2 protein chains.
Amino acid sequence: MQMAKSKDKNTEEQILIAAKSVFQSKGMNGARMQEIADNAGINKAMLHYYYRSKQLLFEAVFNHAFSLLAPQLNAILNDDASIEEKIKNFTLNYTTFMMKHPYLPNFIIQELNRNEDFIEKLKENTGFPNLEKFKINVQEEINQGLIKPIDADQLFVNIIALNIFPFLGKPLIKALTNKDEKSYKTFVESRKSDVANFIINSIKNT
Amino acid sequence: MQMAKSKDKNTEEQILIAAKSVFQSKGMNGARMQEIADNAGINKAMLHYYYRSKQLLFEAVFNHAFSLLAPQLNAILNDDASIEEKIKNFTLNYTTFMMKHPYLPNFIIQELNRNEDFIEKLKENTGFPNLEKFKINVQEEINQGLIKPIDADQLFVNIIALNIFPFLGKPLIKALTNKDEKSYKTFVESRKSDVANFIINSIKNT
DNA sequence: ATATTTGTTAACCAAATGGTTAAACCGCAT
DNA sequence: ATGCGGTTTAACCATTTGGTTAACAAATAT
């Protein structure tokens with residue numbers, strides 16, 4: 001029977017929390033099993049006891065991270081609001097969420113670039129974001145004359161680029177714009193609405 | 001005196017070429033000195049003969065990479081064309097350039113995130129991009145009523161976000177938009193003008 | 001020619017690292 | 001109390017990895 005349930009559950013979770021922290025800030029290649037163990041306050045052998053190998057532990061962390069990102073993207077893709085509403089909601093929600101998980105975008109982008117095969121597995125998951133509905137919505141609003149003609153893929157990439165980049169390029173942007181941590185935060189905060197307005201200004205018919 | 005100049009020069013350069021290739025595709029943590037040596041077709045000891053340590057070899061590669069990026073940014077910041085012209089030129093030039101060096105943006109962003117202190121050294125270099133002139137230009141055009149009011153920092157970030165992100169998020173975008181290598185290339189090619197129009201549409205007064 | 005400096009290599013080294021093992025530990029059922 | 005299953009640890013192991021060394025080769029200066 002399972003016993004010491006509270007205890008083992010706790011250890012397994014502690015490991016995942018520690019692994020998240022280390023993998024997300026250092027990446028697969030930079031992460032050290034010993035550091036994860038120290039971080040979780042346990043013996044290194046426990047990592048292998050619960051998750052066989054570094055690779056599998058990494059995948060547990062990565063899949064969890066991606067499972068946080070995917071719903072954010074689906075939010076804009078699969079609801080029935082107008083394009084304008086979608087963009088406003090997405091920009092606000094996504095930025096708010098990422099300010100709480102600032103390592104997430106970088107981690108995912110970095111690891112997807114490290115191993116291109118990796119995303120193939122993700123595509124098979126149910127819940128992997130699908131653009132079909134968004135494309136239809138865009139086409140409808142173009143036909144109705146609400147927005148200017150634009151390729152839906154391009155629009156989608158523009159939306160996520162404007163929202164994600166401040167988290168990917170933070171060190172670069174901070175240096176280029178001479179901002180300290182505090183003013184950078186204000187800067188990103190402001191983008192919660194600025195970015196939506198910027199996009200809508202561009203595509204909306206007057 | 002210096003001798004065997006052609007030969008040593010050649011080896012040193014071969015090392016840098018190989019190091020560029022390996023560091024840019026695998027990052028500092030993922031790169032292996034042995035792989036660089038193999039790639040350059042020389043003995044591993046040569047790497048240390050010419051560049052003392054992995055760290056110094058990495059910095060040589062990184063500084064060179066950044067010295068390719070910086071002029072791209074300066075191009076938009078320090079000329080006297082109108083904002084509209086600047087954006088058009090930058091978008092075309094930057095995308096054209098990066099299609100030839102697709103690993104560059106990712107490499108720089110990734111390594112700046114790995115070591116935040118790193119950018120401090122870069123800031124000291126002459127030629128580190130400076131936004132002052134761009135800010136003035138933007139303010140002038142706003143005052144003249146040519147473009148809508150917008151914070152110059154936000155505009156700048158939007159411009160580079162839209163241009164850089166397709167190279168950072170390539171695996172993700174490819175998967176989300178169901179594009180293969182060829183159609184992704186077409187997609188990015190199209191952005192050479194699409195992105196400029198998108199931005200200008202947003203900020204230009206009619 | 002030959003001494004000297006520079007370039008190159010194979011062999012080696014110490015530290016780090018992912019992973020394993022055997023024994024100890026702990027809560028519980030009998 | 002004893003046995004048993006899951007849990008935890010210290011010690012250990014093999015491999016990888018950045019880096020060094022000592023000897024050798026090649027080019028140049030004298």
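To find a chain, count down the sequence lines: A is the first, B the second, and so on, and within it residues start at 1. Quantities reported herein were computed from a predicted structural model and do not represent experimental measurements.
The nearest whole Å value for the distance from the NZ atom in B/Lys54 to the P atom in C/dA16 is 15 Å. For the pair A/Leu56 CG and C/dG18 P, the computed distance is 14 Å after rounding to whole Å. Atom-to-atom, CD of A/Gln34 to C1' of C/dT17 comes out at 9 Å; the value is rounded to the nearest Å. The separation between B/Phe58 atom CZ and D/dG19 atom P is 13 Å, rounded to whole Å. Here D/dT8 presents its P atom at 16 Å from NE2 of A/His48, a figure rounded to the nearest Å. Whole-Å rounding puts the A/Lys26 NZ to C/dG18 P distance at 12 Å. Spacing between atom CD1 of B/Ile15 and atom P of C/dT8 amounts to 8 Å, rounded to whole angstrom units. Between the C1' atom of D/dG18 and the OH atom of B/Tyr51 lies a distance of 17 Å, rounded to the nearest Å.
Aromatic ring orientation, B/Phe58 versus B/Phe118: tilted (interplanar angle from 30° to 60°).
Nearest nucleotide to the A/Met33 side chain, out of C/dG19, D/dA10, D/dT20: C/dG19. When distances are taken from the side chain of B/Ala45 to each of C/dA10, D/dG18, D/dT9, the shortest belongs to C/dA10. For B/Ile42, the side-chain atoms get nearest to C/dT9 when compared with the rest of C/dG19, D/dA10, C/dT9. The A/Asn43 side chain lies nearest to D/dT9 when the options are C/dG19, D/dT7, D/dT9. Listed candidates were D/dT9, C/dT9, C/dG18. Nearest to the side chain of A/Met46 is D/dT9.
The pair B/Lys121-B/Glu124 does not meet the salt-bridge criterion, since no charged nitrogen lies less than 4.0 angstrom from a carboxylate oxygen.
Annotation: the span from A/Asp153 atom CG to B/Thr177 atom OG1 amounts to 5.0 Å, rounded to 0.5 Å.
Contact check, B/Arg32 against D/dG18: a side-chain N or O comes under 4.0 Å of OP1 or OP2. Distances shorter than 4.0 Å separate some side-chain N or O of A/Thr11 from OP1 or OP2 on D/dT8. Phosphate contact (OP1/OP2 of D/dT20, side-chain N/O of B/Tyr49, threshold under 4.0 Å): absent.
Taking all atoms of both residues into account, the shortest heavy-atom contact from A/Ile36 to A/Ile15 is CG2-O, 4.2 Å. Smallest separation of non-hydrogen atoms from A/Thr91 and A/Arg191: CG2-O, 3.5 Å.
Within 4.0 Å (heavy atoms only), B/Ala37 reaches no atom of the nucleic acid at all.
Between the side chain of B/Lys44 and the base of D/dG19, at least one donor-acceptor pair of N or O atoms lies under 3.5 Å.
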